[in-house]
Amino acid sequence: MTIQHIDVAYTAVATAENGRDGRVSTDDGKLDVVVNPPKEMGGSGAGTNPEQLFAAGYSACFQGALGVVARQEKADITGSTVTAAVSIGKTEAGGFGLEVAISASIPNVDPATAQALIEKAHQVCPYSNATRGNVKVELSAG
């Protein structure tokens, strides 16, 4: 799904220096972090990494989508949390790819309702829409 330019509500701008072993900052100065490859990938692990940043953004966005869906369904998601686990690894084609596992804890609804809510949120979330058909995303409610 492509949005038309006139539909854009906000554009985030970030600049990386030295790729995965440097610094990333936003044009407004609200984010300015050192990035380093994790030790598991041969790096120092001293800073954050792109996968952690993606997981943080995806989990926050998905929680927002869950809120939209919960309001529509009149479901109580008070105290809920969303965790995104982003994995990186080599693909069969020789490059690198990502996989994501989204898990949501929604204490005030039964398990079937929780699962239904996260499946609907997955249809609403911009990160889910951006990755659909390109990145394996698993959903679970607990």
Side-chain angles (χ1 to χ4, degrees), residues 1-73 75-111 113-142:
M1 171 172 54
T2 303
I3 60 171
Q4 300 299 316
H5 183 68
I6 58 169
D7 295 330
V8 173
Y10 170 74
T11 300
V13 178
T15 302
E17 299 171 24
N18 296 322
R20 295 182 69 85
D21 205 2
R23 171 174 240 82
V24 176
S25 60
T26 56
D27 63 337
D28 62 5
K30 292 182 181 179
L31 178 71
D32 188 350
V33 295
V34 171
V35 290
N36 301 113
K39 289 182 180 182
E40 296 84 350
M41 293 180 66
S44 70
T48 189
N49 59 66
E51 292 71 40
Q52 288 175 325
L53 295 169
F54 187 73
Y58 203 159
S59 63
C61 189
F62 200 95
Q63 178 78 41
L66 182 61
V68 169
V69 169
R71 283 188 294 282
Q72 292 170 347
E73 300 289 322
D76 181 6
I77 64 163
T78 304
S80 66
T81 60
V82 172
T83 300
V86 175
S87 300
I88 185 171
K90 290 187 179 181
T91 66
E92 293 175 357
F96 287 87
L98 300 175
E99 291 183 352
V100 179
I102 300 282
S103 60
S105 171
I106 311 173
N108 297 327
V109 300
D110 63 85
T113 301
Q115 189 65 35
L117 288 170
I118 66 167
E119 288 175 10
K120 289 178 182 177
H122 189 48
Q123 299 306 310
V124 173
C125 176
Y127 276 66
S128 293
N129 288 333
T131 59
R132 187 167 288 109
N134 192 38
V135 173
K136 178 181 173 186
V137 178
E138 293 182 5
L139 304 173
S140 67

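Given the structure is predicted, the values throughout are model-derived calculations rather than measurements.
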Do side-chain atoms of [X] reach the backbone of [Y] as a donor and acceptor pair under 3.5 angstrom?
| X | Y | result |
| --- | --- | --- |
| Thr48 | Val35 | no |
| Glu138 | Ala101 | no |
| Arg132 | Val137 | no |
| Asn108 | Thr78 | yes |

Atom [atom1] in [X], atom [atom2] in [Y]: separation rounded to 0.5 Å?
| X | Y | atom1 | atom2 | answer |
| --- | --- | --- | --- | --- |
| Ser80 | Ile106 | OG | CD1 | 6.0 Å |
| Arg23 | Leu31 | CZ | CG | 10.0 Å |
| Ile118 | Ser128 | CD1 | OG | 10.0 Å |
| Asn36 | Asn49 | CG | CG | 9.0 Å |

Heavy-atom distance under 4.5 Å between the side chains of [X] and [Y], does that happen here?
| X | Y | answer |
| --- | --- | --- |
| Ser59 | Thr83 | no |
| Leu117 | Glu73 | yes |
| Ile102 | Val82 | yes |

Listed once per pair and sorted, the ring pair (Phe, Tyr, Trp, His ring centres under 6.0 Å) pairs that draw on residues 26-58, sequence neighbours left out: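 Pairs touching residues 26-58 that pass the test: Phe54-Tyr58, Phe54-Tyr127, Tyr58-Tyr127.
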
Qualifying ring pair (Phe, Tyr, Trp, His ring centres under 6.0 Å) pairs with a residue from residues 85-111, counting only residues at least two apart or across chains: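 Residue pairs passing ring pair (Phe, Tyr, Trp, His ring centres under 6.0 Å), neighbours aside: none found.
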
Please step through side-chain hydrogen bond (donor to acceptor under 3.5 Å, both in side chains) for the pair Gln123 and Glu119, ending with a clear verdict. CA-CA 7 Å; Gln123 299 306 310; Glu119 288 175 10; over 6 Å; no

Starting from the C-alpha separation in whole Å, work towards a yes-or-no answer on side chain to side chain contact (heavy atoms under 4.5 Å, CB included) for Ile88 and Met41. CA-CA 10 Å; Ile88 185 171; Met41 293 180 66; 3.7 Å; yes

Who are the salt bridge (Lys or Arg N to Asp or Glu O under 4.0 Å) partners of Glu40, not counting sequence neighbours?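 Counting only residues at least two positions away or on another chain, Glu40 forms no salt bridge (Lys or Arg N to Asp or Glu O under 4.0 Å).
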
Does any donor atom in the side chain of Thr113 or Asp110 lie under 3.5 Å from an acceptor atom in the other side chain?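 Their side chains do contain a donor-acceptor pair, which is all the 3.5 Å distance test asks for.
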
